[in-house]
Colleague: 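The structure follows.
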Amino acid sequence: MTMADPTVHREADAPYSDAPFSDMPFSDVPFLPPRAVDDPATCTFNHTIDLPGHGTMAGAWDLRAGLDDYLGHVAVAGKRVLDFGATSGFLGFAAEARGADVVSYDFAGEACWEMVPYPDFERAVIAPEIRSHLRRFENAYWYSHAALGSRSRRAGGSLYEVPEAVGPVDIALLGNALVRLRDPFRALHGALRVTRETVVVTEILPKSLQFLRFLPRSLGLPMFLLPRTDQRIRFDSWWAIAPTTMQELLAILGFGESAVSYHRQLLLGQKRLCYTVVARRTEPTNPEL
């Protein structure tokens, strides 16, 4: 099937460019200027990463042995890749090592994870904690960036509004990027409207919901709300999305050819079941939402 052009609806003067991300001046695109980070104690690594001259930096996730499965065995060499919800940058650096031209995108400025608004939670107290945590992720990114001699770039803002200036990209990678978002469909729309070819979405399946891998579409396309008022977890996740539901969400956004695979990845030392959906563009993404 011929790939549809996702930019068919965009304005004629939209600031898309096919120049390598590393060649774009900061004034032209919403990239963040590099920062010197010398102390790993100021960093939080979301993923374990091996850094030349520094050794292994431990993170909650260790994807090193299962990276091919996590990325859906998608070839990224020579492609422009968006690492969406990049945290400390592991997936983007891994894609760059495989020959991709990468932009990592995550929260920046006042944008941050959306806390579950339990009655006794105060945003004024929790939001600074979240921003501090995100800052530590960004520190880890720049620390790794320098150690690896990376040419990848980082852009930031709201995960619901990826700037058009970041695109177009050939491939979007979303590695467990949707669970902390109140509106994951809106976030998908924001990322996929600048994606030309392929999207790779990987999500964890909680133990109590692993039956979803066997759930036929004829029984529905569920999303499960995770927060519980009797637990009130401070930095709670919002959703568990069934693989078939994810396929349908991607199809609505123009990525109508998809396949699901399952694999186990190390999270806090335990193997956890994840699924990956690799979807190919078949129609333009409707720019309206």
Colleague: Measuring from Ser144:OG to His47:NE2, what's the distance to the nearest 0.5 Å?
Modeller: 11.5 Å
Colleague: Tell me, do Leu67 and Arg98 make a side-chain contact under 4.5 Å, heavy atoms counted?
Modeller: yes
Colleague: Tell me, do Val200 and Thr276 make a side-chain contact under 4.5 Å, heavy atoms counted?
Modeller: yes
Colleague: Checking Leu249 against Leu253 for the side-chain contact (heavy atoms from CB on, under 4.5 Å) test, could you report, in this order, the C-alpha distance in whole Å, the side-chain angles of both residues, the deciding distance, and whether it holds?
Modeller: CA-CA 7 Å; Leu249 295 176; Leu253 294 171; 5.6 Å; no
Colleague: Given side-chain hydrogen bond (donor to acceptor under 3.5 Å, both in side chains), test Arg193 with Asn286 step by step and report yes or no.
Modeller: CA-CA 8 Å; Arg193 65 192 177 93; Asn286 191 324; over 6 Å; no
Colleague: Show every ring-ring contact (aromatic ring centres under 6.0 Å, His included) that has at least one partner inside residues 163-183, sequence neighbours left out.
Modeller: none
Colleague: Just wondering, do Val194 and Pro168 contact through their side chains at under 4.5 Å, heavy atoms?
Modeller: no
Colleague: Carefully, step by step, assess Thr198 and Val278 under the rule side-chain contact (heavy atoms from CB on, under 4.5 Å).
Modeller: CA-CA 7 Å; Thr198 304; Val278 176; 3.9 Å; yes
Colleague: Any Lys/Arg nitrogen of Glu248 or Arg217 sitting under 4.0 Å from an Asp/Glu carboxylate oxygen of the other?
Modeller: yes
Colleague: Using side-chain heavy atoms (C-beta onward) and a distance below 4.5 Å, is Gln265 in contact with Asp69?
Modeller: yes
Colleague: Going by the side chain to side chain donor-acceptor pair (under 3.5 Å) test, which pairs reach into residues 50-65, not counting sequence neighbours?
Modeller: Asp50-Thr56, Asp50-Arg64, His54-Tyr143, Asp62-Arg64
Colleague: Would you please test His189 and Thr285 for side-chain contact (heavy atoms from CB on, under 4.5 Å) and show each step?
Modeller: CA-CA 8 Å; His189 181 269; Thr285 296; 4.0 Å; yes
Colleague: Is the closest side-chain heavy-atom distance between Arg153 and Val102 below 4.5 Å?
Modeller: no
Colleague: State, with a plain yes or no, whether a side-chain heavy atom of Val74 is found less than 4.5 Å away from one of Lys79.
Modeller: no
Colleague: With a 4.0 Å cut-off on N to O distance, would you call Glu138 and Arg131 a salt bridge?
Modeller: no
Colleague: Show the numbers, then the answer: is there a ring pair (Phe, Tyr, Trp, His ring centres under 6.0 Å) between Phe93 and Tyr141?
Modeller: CA-CA 9 Å; Phe93 294 135; Tyr141 172 88; 5.0 Å; yes
Colleague: In terms of side-chain geometry, is the basic nitrogen of Asp170 or Arg80 positioned less than 4.0 Å from the acidic oxygen of its partner?
Modeller: no
Colleague: Atom SG of Cys274 and atom CZ of Arg213: how far apart are they, to the nearest 0.5 Å?
Modeller: 11.5 Å
Colleague: Please lay out, stage by stage, how Phe121 and Met115 fare under the test side-chain contact (heavy atoms from CB on, under 4.5 Å).
Modeller: CA-CA 9 Å; Phe121 278 17; Met115 55 172 279; 3.4 Å; yes
Colleague: For Ser258 and Gln247, does a side-chain donor sit closer than 3.5 Å to a side-chain acceptor?
Modeller: yes
Colleague: How many angstroms lie between atom CG of Leu71 and atom OG1 of Thr202, to the nearest 0.5 angstrom?
Modeller: 7.0 Å
Colleague: With Gln210, which residues qualify under side chain to side chain donor-acceptor pair (under 3.5 Å), at least two apart?
Modeller: none
Colleague: ring-ring contact (aromatic ring centres under 6.0 Å, His included): which pairs involve residues 254-285, sequence neighbours left out?
Modeller: none
Colleague: Does some side-chain heavy atom of Phe107 sit less than 4.5 Å from a side-chain heavy atom of Leu159?
Modeller: yes
Colleague: Report yes if the side chains of Arg151 and Glu96 come closer than 4.5 Å at any heavy-atom pair, otherwise no.
Modeller: yes
Colleague: Would you list the pairs meeting side chain to side chain donor-acceptor pair (under 3.5 Å) in which at least one residue belongs to residues 171-181, sequence neighbours left out?
Modeller: Tyr70-Asn176
Colleague: Could you list the donor-acceptor pairs under 3.5 angstrom formed between side-chain atoms of residues 83-91 and any protein atom two or more places apart in sequence or on another chain?
Modeller:
unit_1 : atom_1 : unit_2 : atom_2 : d
Asp83  : OD2    : Gly92  : N      : 3.0
Thr87  : OG1    : Asn46  : ND2    : 3.3
Ser88  : OG     : Asn46  : N      : 2.9

Colleague: When you measure from the centre of the six-membered ring of Tyr105, is the NZ or CZ of Arg154 under 6.0 Å away and within 45° of the axis?
Modeller: no
Colleague: Is Arg281 salt-bridged to Glu197, going by a charged N under 4.0 Å from an acidic O?
Modeller: no
